[in-house]
Protein chains: 2
Amino acid sequence: MDRQQIETVRRFNRTVTQRIGALEDGYLHRGRPLGEARFLFEIGPDGAEVQELRGRLNLDSGYASRLLRSLERQGLVAVGRHVADGRRRRVTLTETGLTEFSAYDGLSDELAASLLSSLGEAHRARLVAAMADVERLLRAAGIMLEIEPSDGADARWCLEQYFAELAARFEEGFDTALGASSDEVLVAPPDGAFLVARLDGAPVGCGMLRRDGEAIGEIKRMWVSPSVRGAGLAGRLLARLEAIAREYGWTHVRLDTNRALLEAQAMYRKAGYHAIARYNANPYADFWFEKAL
Amino acid sequence: MDRQQIETVRRFNRTVTQRIGALEDGYLHRGRPLGEARFLFEIGPDGAEVQELRGRLNLDSGYASRLLRSLERQGLVAVGRHVADGRRRRVTLTETGLTEFSAYDGLSDELAASLLSSLGEAHRARLVAAMADVERLLRAAGIMLEIEPSDGADARWCLEQYFAELAARFEEGFDTALGASSDEVLVAPPDGAFLVARLDGAPVGCGMLRRDGEAIGEIKRMWVSPSVRGAGLAGRLLARLEAIAREYGWTHVRLDTNRALLEAQAMYRKAGYHAIARYNANPYADFWFEKAL
DNA sequence: GAAATTACCTGACTAAAGTCAGGTAATGGA
DNA sequence: TCCATTACCTGACTTTAGTCAGGTAATTTC
């Protein structure tokens with residue numbers, strides 16, 4: 001990695017933690033210890049499960065319990081049973097707790113506004129745009145790809161999203177029975193692989209490779225969640241699937257796509273794919289691409 | 001302020017503190033309490049004065065002293081007298097301390113690299129560029145402008161930088177005796193004002209307004225430190241000086257500039273100034289501008 | 001040259017953050 | 001049905017962070 005890039009990132013880290021940290025110290029306490037304040041804020045107006053909060057804030061179970069007890073004593077939260085599982089507990093904010101939450105919410109707004117306040121309009125817009133970029137790409141950088149069974153819960157969830165999107169975008173609609181033949185449902189090494197992309201544990205994309213001839217692979221089911229689009233995840237999935245095909249010793253990968261998926265076509269071309277003749281009977285395919293590995 | 005902008009800033013704060021914070025926790029401890037680690041890192045290979053460290057890390061003097069003692073016990077730092085002032089103390093890293101510092105330095109690099117590692121080259125470059133933007137503009141947003149005596153230490157320091165830069169940039173060089181007539185040395189309300197721009201207490205720019213006729217002000221000595229250029233500070237200084245002139249009830253402001261200062265000319269035009277005829281005898285002036293308030 | 005100020009130090013605190021071992025009740029798999 | 005696991009709780013800690021009141025020696029101010 002470039003030395004200059006690393007310097008920039010380090011300067012960024014330094015400046016940002018300094019500036020934002022200083023402001024947060026000034027603002028977000030409201031006389032309460034930081035731990036309690038964060039816990040309260042994290043519960044949010046919709047409530048949350050203790051387990052979830054512990055995970056999000058990375059707390060020891062004893063510590064979390066104590067924080068909860070303290071907030072309860074202050075009359076800010078109410079703890080109830082989980083509907084389905086009697087061991088788990090659901091925390092919700094009381095009336096008072098909601099008021100406190102709103103106060104924190106307002107302070108967060110003020111904090112954000114104060115960061116921008118001294119800049120002129122043009123520079124403010126630039127800062128906000130750059131922040132949006134950083135945020136999006138930083139999230140993207142946290143996405144991990146992993147090979148998983150294609151019938152796992154998250155894999156199936158991704159496929160559902162994928163098919164729903166096809167149905168919405170194809171002019172002709174999309175019928176799973178026609179477009180997703182059952183012989184593809186289970187792919188596994190060494191005849192293919194199903195990749196799931198996760199951000200903080202939650203699936204945000206997928207892609208699949210399956211053998212389609214002696215030394216040829218087919219790439220299918222490439223899907224990227226709208227929440228992380230525009231940050232290169234599709235490219236990463238594609239590159240990883242190609243790498244896997246290469247490991248298997250395959251010489252080519254090919255894929256088909258629908259005319260409605262314009263960005264996808266552009267991406268395939270950019271990744272070195274070229275158009276070939278129809279090689280399958282997929283009724284939804286309008287274009288066919290291939291790449292030598 | 002725009003609701004959307006505030007949302008973006010809040011999302012940015014959240015994502016950044018989460019991602020970077022999580023990584024820093026993982027990395028930057030080396031088994032040591034965070035306070036000690038930060039203190040050690042802040043001392044740096046060149047050493048530092050205790051006072052300075054206390055200021056930078058915002059520590060209570062007792063606390064700082066204790067941290068210092070602890071690092072000393074661990075054989076990481078040596079504390080010596082200040083050359084000129086026997087009350088102050090200078091801290092330097094020992095051999096061992098330097099090794100530790102390098103370890104932290106290396107970890108910081110790794111941390112930065114790990115942020116980028118999973119992105120492709122193009123997106124990585126975009127992230128780094130956006131980070132540089134955020135960093136620059138966030139620093140700029142922390143700059144405060146204040147009216148100060150034009151013979152104060154920081155004001156004089158700024159002017160020195162300003163004159164040195166003129167000398168370097170003017171084709172014909174710059175002679176303070178010719179270019180900076182002594183009658184301008186002291187400006188104060190209600191006949192003018194000297195603005196100093198500070199970032200974290202350190203001066204990074206200046207600008208001056210002085211009466212030059214019944215209801216006319218002249219703007220002079222606009223200087224912005226190279227460390228904060230490109231973030232709109234000059235525009236802010238100019239706008240503030242105009243606002244002051246308006247408060248005084250003046251109707252016009254004017255200024256002169258040298259042909260070598262191209263960005264300055266562009267900025268004046270953008271701020272609504274138009275060229276007028278020569279109005280003074282400044283031997284270094286090539287253009288004269290005016291703006292009605 | 002005395003008095004005030006400054007830079008740092010020490011001891012005695014407190015509050016907050018975090019850890020650990022051992023509980024109880026609910027749940028789920030063999 | 002029993003036994004392991006899970007989700008949470010409690011009590012008894014330790015560590016870290018931070019504050020405060022008073023010191024001492026060097027320096028500055030009047």
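Both backbone and side-chain heavy atoms feed into the values below; hydrogens, waters and symmetry mates do not. Quantities reported herein were computed from a predicted structural model and do not represent experimental measurements.
For the pair A:His82 NE2 and D:dT6 P, the interatomic distance rounds to 17 Å; values are reported in whole Å. Rounded to an integer number of Å, the gap from B:Gln51 CD to C:dA7 P is 4 Å. Atom CD in B:Glu52 sits roughly 14 Å away from atom C1' in C:dA7 (whole-Å rounding).
Contacts of B:Phe101 classified as ring pair (Phe, Tyr, Trp, His ring centres under 6.0 Å), with partners at least two apart in sequence or in another chain: B:Phe41. Remark: B:Glu7 engages B:Arg3 in a salt bridge (Lys or Arg N to Asp or Glu O under 4.0 Å) (not counting sequence neighbours). In terms of the salt bridge (Lys or Arg N to Asp or Glu O under 4.0 Å) criterion, residue partners of B:Asp85 (sequence neighbours excluded) are, by chain and number, B:Arg87, B:Arg88. Under the rule for a ring pair (Phe, Tyr, Trp, His ring centres under 6.0 Å), B:Tyr63 has no partner lying at least two apart in sequence or in another chain. With sequence neighbours excluded, the residues forming a side-chain contact (heavy atoms from CB on, under 4.5 Å) with B:Pro226 are B:Trp223, B:Arg229, listed by chain and number. Partners of B:Ser118 by side-chain contact (heavy atoms from CB on, under 4.5 Å), not counting sequence neighbours, listed by chain and number: A:Ala141, A:Arg236. Partners of B:Arg14 by salt bridge (Lys or Arg N to Asp or Glu O under 4.0 Å), not counting sequence neighbours, listed by chain and number: A:Glu42. The salt bridge (Lys or Arg N to Asp or Glu O under 4.0 Å) check on B:Glu148 picks up B:Arg198, with sequence neighbours excluded.
For the segment residues 33-42 of chain B, no residue has any heavy atom less than 4.0 angstrom from an atom of DNA chain C. Near DNA chain C, meaning a heavy atom under 4.0 Å away, the residues from residues 53-79 of chain A are A:Asp60, A:Tyr63, A:Arg66.
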Do any side-chain atoms of residues 200-208 of chain B form donor-acceptor pairs under 3.5 angstrom with protein atoms, and if so which ones, sequence neighbours left out?
{"residue": "B:Asp200", "atom": "OD1", "partner": "A:Arg19", "partner atom": "NH2", "Å": "3.0"}
{"residue": "B:Asp200", "atom": "OD2", "partner": "A:Arg19", "partner atom": "NH2", "Å": "3.1"}

Close N/O contacts between protein and nucleotides 23-30 of chain D (under 3.5 Å):
{"residue": "D:dA26", "atom": "O3'", "partner": "B:Gly86", "partner atom": "N", "Å": "3.2"}
{"residue": "D:dT27", "atom": "OP1", "partner": "B:Gly86", "partner atom": "N", "Å": "2.4"}

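Paired with A:Leu115 under the rule side chain to side chain contact (heavy atoms under 4.5 Å, CB included), one option of B:Leu138, B:Ile6, B:Leu137 passes, and it is B:Leu138.
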